[in-house]
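The structure displayed is predicted, hence computed values, not measured ones.
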Protein chains: 2
Amino acid sequence: MAKTVSVKKVAVKECCPVVSRILAAAEKLFSKHGFAAVSMSAIAKEAGTSKANIYHHFRAKDDLHQAALRFAAESIKSLLENVEESGGTVSRKLELFAQAHIEGMHSHPDMSRLILRELLTDSRKRGREIAESGFARNFSALTTLVRKGQKNGELRKDLDPAAVTALVLAANIFFFQNNDVLRHYREVTFADDPEGYVKTVSEILLNGIRPR
Amino acid sequence: MAKTVSVKKVAVKECCPVVSRILAAAEKLFSKHGFAAVSMSAIAKEAGTSKANIYHHFRAKDDLHQAALRFAAESIKSLLENVEESGGTVSRKLELFAQAHIEGMHSHPDMSRLILRELLTDSRKRGREIAESGFARNFSALTTLVRKGQKNGELRKDLDPAAVTALVLAANIFFFQNNDVLRHYREVTFADDPEGYVKTVSEILLNGIRPR
DNA sequence: TGCCCGACCAACCGGCCGGTCAGCAGCCAT
DNA sequence: ATGGCTGCTGACCGGCCGGTTGGTCGGGCA
């Protein structure tokens, strides 16, 4: 009866159809409106079940949020795995990573938004570490790749690899988060063309905006 | 008695001390926890007044949120005004803008977070346009600057000016939003040094990460 | 002095919140 | 048939929510 906050299910993935429906509903609503703005009734309605049934499968609202977050984070495998084995220059790998990263966010917008939202929420919050873990995986993999490029002379050695990594991720996350806003600026033509955006950004990062 | 949703005060700035205290409290709490997660009682407590008194000055919770947002957005003057008259190359001006931009966010974190939070919230929402307006001002001023640099040959002409602008803003906003997360990555050394971060980023953007 | 008006507040309202619980339909083993 | 087990539900709870109300207080003004 103690107020334990441990997570009920370890492998929560697909024990039964209603659970994954609940998780999908939670993911969708939490990512769109935020944790506090979504009621359990709303989630139940979206999942096509009853509120009590959610409490049959999850201990509390916070547990459900954690589970949805964990489920989303699990699905983010290291994007560099496929890229690494593709052969080619580090520059090329960087662009491929960026391409895969932005495409991944685009095809799983709810998951991505859920994680990003948690990332920039108040620290100290439970679940923050889950969001961070997925983020950290990509960050450190990218940094390693940059270091390799510096070692073999393909990239400048006088730059902080973490700063390069931050720039690549920043460009992608910015595009994903602010797409709706950017879309109706007349200066912006790339809002519906993530691939073109990544190409331009890669070109800028690799060769700079000053003429060579 | 009609359910009008117009804003009560046009110049809401400092009609009386308690109003600005309420606005400051709203700005702080909304930016930290989000609209739905903050109760009027909490704002009243933070502002050192009563909930009823807030409703004496603002029609509804949403009105208060709007007012706080408007107040924050008003204070964002075009950061390029001072930069423009500084003379110097376009490259230098770009770096100065970035420096001023990140410093502005750093010294008014609540305002910045409030606006950024609103920016990435569900479209259709009232108040989104307020957040967009401040964003748009900086975006289009920066784009103009980039165009000027392209015209006088200082910057490459084959790059989309909006993409360059997006990259500059992305780098800064990413740094500001994710600072707490980045801080405890061992690869990251620039978390407490925004000036150094901007310098590195500017160098990358101007000259690229490939050796010349 | 008397009065008026805006700033302010304690107490309250209906309603929705997260969370609980007794019990029901179906199904399998006995 | 029957008793228990599982997956699930409608009805309900106390509490907090956004918002209202009736009224106090104090300074300008006649």
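- Relative to the ring axis of B:Phe35, B:Lys125 places its NZ or CZ within 45° and under 6.0 Å from the centre.
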If you restrict it to nitrogen or oxygen atoms, what contacts under 3.5 Å exist between nucleotides 16-19 of chain C and the protein, and what is each distance?
from: C:dC17; atom 1: OP1; to: A:Ser39; atom 2: OG; distance (Å): 3.4
from: C:dG18; atom 1: OP1; to: A:Val38; atom 2: O; distance (Å): 3.3
from: C:dG18; atom 1: OP1; to: A:Lys61; atom 2: NZ; distance (Å): 2.9
from: C:dG18; atom 1: OP2; to: A:Met40; atom 2: N; distance (Å): 2.8
from: C:dG18; atom 1: N7; to: A:Lys51; atom 2: NZ; distance (Å): 3.0
from: C:dG19; atom 1: OP2; to: A:Tyr55; atom 2: OH; distance (Å): 2.6
from: C:dG19; atom 1: OP2; to: A:Lys61; atom 2: N; distance (Å): 2.7
from: C:dG19; atom 1: O5'; to: A:Tyr55; atom 2: OH; distance (Å): 3.4
from: C:dG19; atom 1: N7; to: A:Lys51; atom 2: NZ; distance (Å): 3.2
from: C:dG19; atom 1: O6; to: A:Lys51; atom 2: NZ; distance (Å): 2.7

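- Here the C1' atom of nucleotide C:dT20 and the CD1 atom of A:Ile54 are 15 Å apart, to the nearest Å.
- A:Phe30 and A:His65 have perpendicular rings, their planes meeting at more than 60° on a 0 to 90° scale where under 30° would count as parallel.
- B:Glu187 pairs by the salt bridge (Lys or Arg N to Asp or Glu O under 4.0 Å) definition with nothing, not counting sequence neighbours.
- The aromatic ring centroids of A:Tyr185 and B:Phe139 lie less than 6.0 Å from each other.
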Compile the donor-acceptor pairs under 3.5 Å between side chains in residues 95-107 of chain A and protein atoms, sequence neighbours left out, one pair per line.
from: A:His101; atom 1: ND1; to: A:Asn172; atom 2: ND2; distance (Å): 3.0
from: A:Ser107; atom 1: OG; to: A:Glu103; atom 2: O; distance (Å): 3.0
from: A:Ser107; atom 1: OG; to: A:Gly104; atom 2: O; distance (Å): 3.3

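- Other residues, nucleotides and ligands place no more than 12 heavy atoms under 6.0 Å from the NZ atom of B:Lys28.
- Within 6.0 Å of the NZ atom in B:Lys61, the count of heavy atoms belonging to other residues, nucleotides or ligands exceeds 12.
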Inset, instruction - Can you check each nucleotide of nucleotides 21-29 of chain D against protein heavy atoms at under 4.0 Å and return B for base, S for sugar-phosphate only, - for none, in 5' to 3' order? - result: B--------

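- Between the side chains of B:Asp180 and A:Ser123, at least one donor N or O lies within less than 3.5 Å of an accepting N or O.
- Taking 4.5 Å as the limit, every side-chain heavy atom of A:Lys199 sits out of range of all side-chain heavy atoms of A:Asp193.
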Short N/O separations, protein against nucleotides 6-8 of chain D, under 3.5 angstrom:
from: D:dC8; atom 1: OP2; to: A:His57; atom 2: NE2; distance (Å): 3.2

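- Applying the salt bridge (Lys or Arg N to Asp or Glu O under 4.0 Å) rule to A:Lys45 yields no partners; only residues at least two apart in sequence or on another chain are considered.
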